[in-house]
Amino acid sequence: MKTIIAEKPSVAREIARIVGATQREERYITGNGYYVTWAFGHLVQLAMPEAYGFKGFQKESLPILPDVFQLTARQSKGGKGYAADPGVEAQIRCIGKLFADSEYIIVATDAGREGELIFRYLYNYIGCSTPFKRLWISSLTDKAIREGLRNLEDGSKYDNLYLAAKARSEADWLVGINATQAITIAAGRGTYSLGRVQTPTLAMVCDRYWKNKRFTPEAFWQLHFATGMADGGTVKLSSVEKWKDKAEADTAYTRLKAARTATVDKVERKEKTEEPPLLYDLTSLQKEANAKHGFTADQTLQIAQKLYESKIITYPRTGSSYIPEDVFAEIPSLLLTLQGSEKWGTKAMMLSTLSRHSVDDSKVTDHHALLITGEKPALLSKDEMTVYDMIVGRMIEAFAEKCVKEVTSVIATAGDMDFSVRGSVMKQKGWRFVYGDDADTVLPDWKEGESLKISGASITEGKTKPQPLHTEATLLAAMETCGKEIEDETLRQAIKDCGIGTPATRASIIETLFARGYVERVKKSLVPTEKGLALYSVVKDMSIADVTMTGEWEKSLAQIEHGEMAVDEFNHGIEQYTVCITSELLSSDKLFAHKSSDCLCPKCGTGHMQFLGKVVRCDNPDCGLPLFRQKAGRLLTDAEVTKLIQTGATGVLRGFKSKQGKSFDANVVFDSDFNTVFVFPEAKNGSKRPKSRK
């Protein structure tokens with residue numbers, strides 16, 4: 001007998017059908033010489049500190065650095081902490097028996113870092129010695145599974161992948177456990193969650209937020225003039241200079257109005273070539289789905305995973321935007337499968353010569369870029385169809401010809417000032433035919449020295465703008481490049497090994513920030529909560545929040561995976577890093593500025609309120625009412641918080657700022673659940689503005 005283990009029951013059922021295993025048992029399927037069973041994600045995980053004899057959060061126990069990490073069956077969370085999960089333990093026992101009764105094991109968990117870890121942790125926890133082979137496939141079509149089963153690879157080929165996954169898992173444990181305990185001890189009350197990737201990601205959100213809110217707009221003025229075209233239209237040219245002084249701008253405007261003509265000084269025509277976009281990897285799919293359709297990163301991942309399990313796209317958790325030569329050979333037949341599509345058939349058939357821009361064996365990681373499989377989509381929801389269509393559209397774009405434009409730049413002088421305008425004409429539409437998203441801007445065939453009649457002049461006032469708040473799309477891009485602003489897709493691909501997180505984990509990291517109450521969505525923007533800002537104010541200058549350093553750790557994990565770094569070297573570095581961040585966080589108690597007070601807690605009536613640096617909290621462990629001082633860009637003083645605690649309201653305070661950057665006055669009061677809300681002062685007409693929760 002041979003045991004095939006998949007990551008999910010649904011995948012196990014598909015594989016069982018293909019190998020002829022038809023007899024259903026309670027926790028597996030058998031037949032034709034096979035047992036086919038499944039995990040439910042991570043059945044086995046790293047044990048918590050209690051397994052090593054560390055109970056509670058004790059300063060003298062830190063840092064906790066196990067000599068050998070222990071594995072344990074995944075537990076379920078209940079009202080009083082974690083407890084054994086009977087279903088998990090029963091599945092592990094069943095798998096252990098099947099493994100022991102097998103000639104060899106076929107590993108069919110997802111073909112990636114986490115899929116490998118799911119199997120290896122389970123294999124080691126059971127204490128199994130049965131040899132295993134790897135099923136490594138990029139889609140779940142019958143053809144791909146059959147071909148994969150005919151070409152099973154020795155399990156040892158993926159040892160480096162496992163070592164990287166194990167090192168990542170243990171590093172996250174060391175940093176997460178020690179950092180969380182250290183800052184919680186330093187704070188004195190409450191529990192604050194920190195993580196190796198989570199905290200630098202929060203830092204990027206908060207840093208962008210403060211830069212945006214503290215930005216002071218500066219006014220500027222720009223001049224424009226219009227000149228007629230032969231067809232009756234007009235062309236508008238704008239001044240190269242922008243004036244910060246209104247008086248100087250008005251003087252320049254007077255000169256422009258006095259000028260009746262402008263002289264063409266320079267006409268430059270250049271041919272611009274735009275290569276087709278690269279195929280989607282998971283992160284670029286998530287970014288575009290967020291920007292164009294408002295999908296969250298996690299929503300896009302879940303949809304893509306469902307499309308994969310429905311056999312209509314290839315493996316979605318890929319970090320590569322390229323395909324190898326052997327897959328490129330299959331692209332013509334894949335495009336032919338779109339022939340009957342009302343939306344895509346005509347466009348797919350327009351590709352005669354296929355671009356090789358996305359073809360490069362050396363740039364394919366565990367899995368190639370996202371493609372369709374040729375299977376027909378059926379019974380898809382609207383959102384699922386949207387993501388599927390995105391992948392189809394990008395695939396047609398990626399294999400289309402390059403786009404060629406003629407770009408014309410004109411400089412003209414009027415009133416001794418330079419004015420400019422740019423135009424472009426498509427010479428070869430190339431890949432842009434797919435969505436038709438680039439219109440021509442045709443300029444007259446002006447010659448240098450030509451005189452242009454000015455038909456109208458204007459002056460406009462503008463204001464400098466800050467970088468906008470992060471959206472999930474921009475945060476994903478920042479995570480991928482450690483905050484570096486990179487527009488060029490090819491350069492982005494080159495630097496991505498230095499990003500934080502992986503394509504498979506970034507969505508869950510962002511979701512963790514929401515779950516911890518550190519960040520919230522406001523329309524498309526990611527806005528840190530007062531809790532998130534308070535935490536950021538403590539850790540922002542510490543190693544735990546260093547985005548670049550976290551990117552270096554991610555690069556090291558990639559090197560382990562490729563056999564370019566010894567895992568012991570990485571582990572030693574992480575242990576030193578853990579010691580460093582633990583020391584930094586424990587010493588941050590002064591940033592919390594513990595001060596006892598005589599103020600009784602307004603909620604429980606028995607505890608006293610402790611005044612800390614960024615939060616005021618009840619010292620009754622059964623209550624722990626928190627009051628975050630940071631409110632709409634303003635820090636409440638001790639006196640203001642004291643009045644709030646004692647009377648339920650601060651009185652009207654000045655200096656708050658809305659999410660749109662506008663100043664306002666408000667009274668901070670408790671609601672019936674002891675959350676703080678704003679009550680706005682009466683307007684001049686005597687009416688009250690409504691309460692706004694903060």
Side-chain angles (χ1 to χ4, degrees), residues 48-50 52-66 171-207 210 512-513 515-519 528-547 549-550 574-597 599 601 607-630 635-638 641:
M48 297 304 284
E50 290 77 7
Y52 306 96
F54 299 105
K55 293 185 177 180
F57 289 16
Q58 303 294 328
K59 184 175 182 178
E60 58 273 14
S61 299
L62 300 181
I64 301 170
L65 303 170
D172 285 351
W173 190 100
L174 287 170
V175 174
I177 293 292
N178 286 288
T180 295
Q181 292 200 14
I183 196 168
T184 300
I185 291 166
R189 289 286 172 184
T191 302
Y192 294 85
S193 168
L194 298 180
R196 184 180 65 88
V197 182
Q198 169 193 322
T199 305
T201 305
L202 173 63
M204 289 195 291
V205 174
C206 292
D207 180 63
W210 281 127
T512 297
L513 296 180
R516 299 282 187 257
Y518 293 154
V519 174
T529 62
E530 286 154 12
K531 181 181 180 182
L533 290 170
L535 179 62
Y536 171 67
S537 69
V538 173
V539 303
K540 63 180 180 180
D541 296 321
M542 298 182 184
S543 300
I544 185 71
D546 189 329
V547 176
M549 184 177 293
T550 304
I574 280 289
E575 286 189 2
Q576 290 182 316
Y577 174 67
T578 301
V579 171
C580 171
I581 62 168
T582 303
S583 175
E584 284 183 330
L585 290 165
L586 286 173
S587 67
S588 71
D589 56 349
K590 60 182 179 294
L591 297 173
F592 288 91
H594 296 218
K595 287 196 293 184
S596 297
S597 76
C599 294
C601 173
H608 287 80
M609 301 302 288
Q610 273 196 328
F611 282 64
L612 313 176
K614 301 294 181 181
V615 67
V616 178
R617 189 182 295 276
C618 174
D619 65 4
N620 175 3
D622 294 326
C623 175
L625 173 69
L627 302 178
F628 294 101
R629 291 176 181 262
Q630 191 75 43
L635 204 64
L636 299 184
T637 66
D638 285 358
V641 174

Would you be so kind as to tabulate the donor-acceptor pairs closer than 3.5 Å made by side chains of residues 57-65, with sequence neighbours excluded?
none

Working to the nearest 0.5 Å, report the span between [atom1] of [X] and [atom2] of [Y].
X      : Y      : atom1 : atom2 : value
Gln181 : Tyr192 : CD    : OH    : 16.0 Å
Leu585 : Thr582 : CG    : OG1   : 7.0 Å
Trp210 : Tyr536 : CH2   : OH    : 9.5 Å
Thr199 : Leu194 : OG1   : CG    : 4.0 Å
Glu530 : Leu627 : CD    : CG    : 10.5 Å
Leu625 : Cys601 : CG    : SG    : 4.5 Å

Any donor and acceptor pair, going by atom type alone, linking the side chain of [X] with main-chain N or O of [Y] inside 3.5 Å?
X      : Y      : result
Ser543 : Ile581 : no
Ser583 : Val579 : no
Asp207 : Ala203 : no

N-O pairing of Asp546 and Lys540 below 4.0 Å: no
Partners passing side chain to side chain donor-acceptor pair (under 3.5 Å) against Gln198 (at least two apart in sequence or in another chain): Ser193
Mind checking whether [X] and [Y] have side chains closer than 4.5 Å, heavy atoms only?
X      : Y      : result
Trp173 : Pro66  : yes
His608 : Cys618 : no
Glu584 : Cys580 : yes
Arg629 : Leu533 : no
Phe628 : Gln630 : no
Thr529 : Val519 : no

Nearest non-hydrogen partners of Gly607 and Asn620, listed with the distance: CA-CB, 3.9 Å
Contact summary for Gly532 and Cys206, nearest pair of heavy atoms: O-SG, 3.9 Å
Option from Asp172, Thr578, Thr550 for which side chain to side chain donor-acceptor pair (under 3.5 Å) with Arg196 holds: Asp172
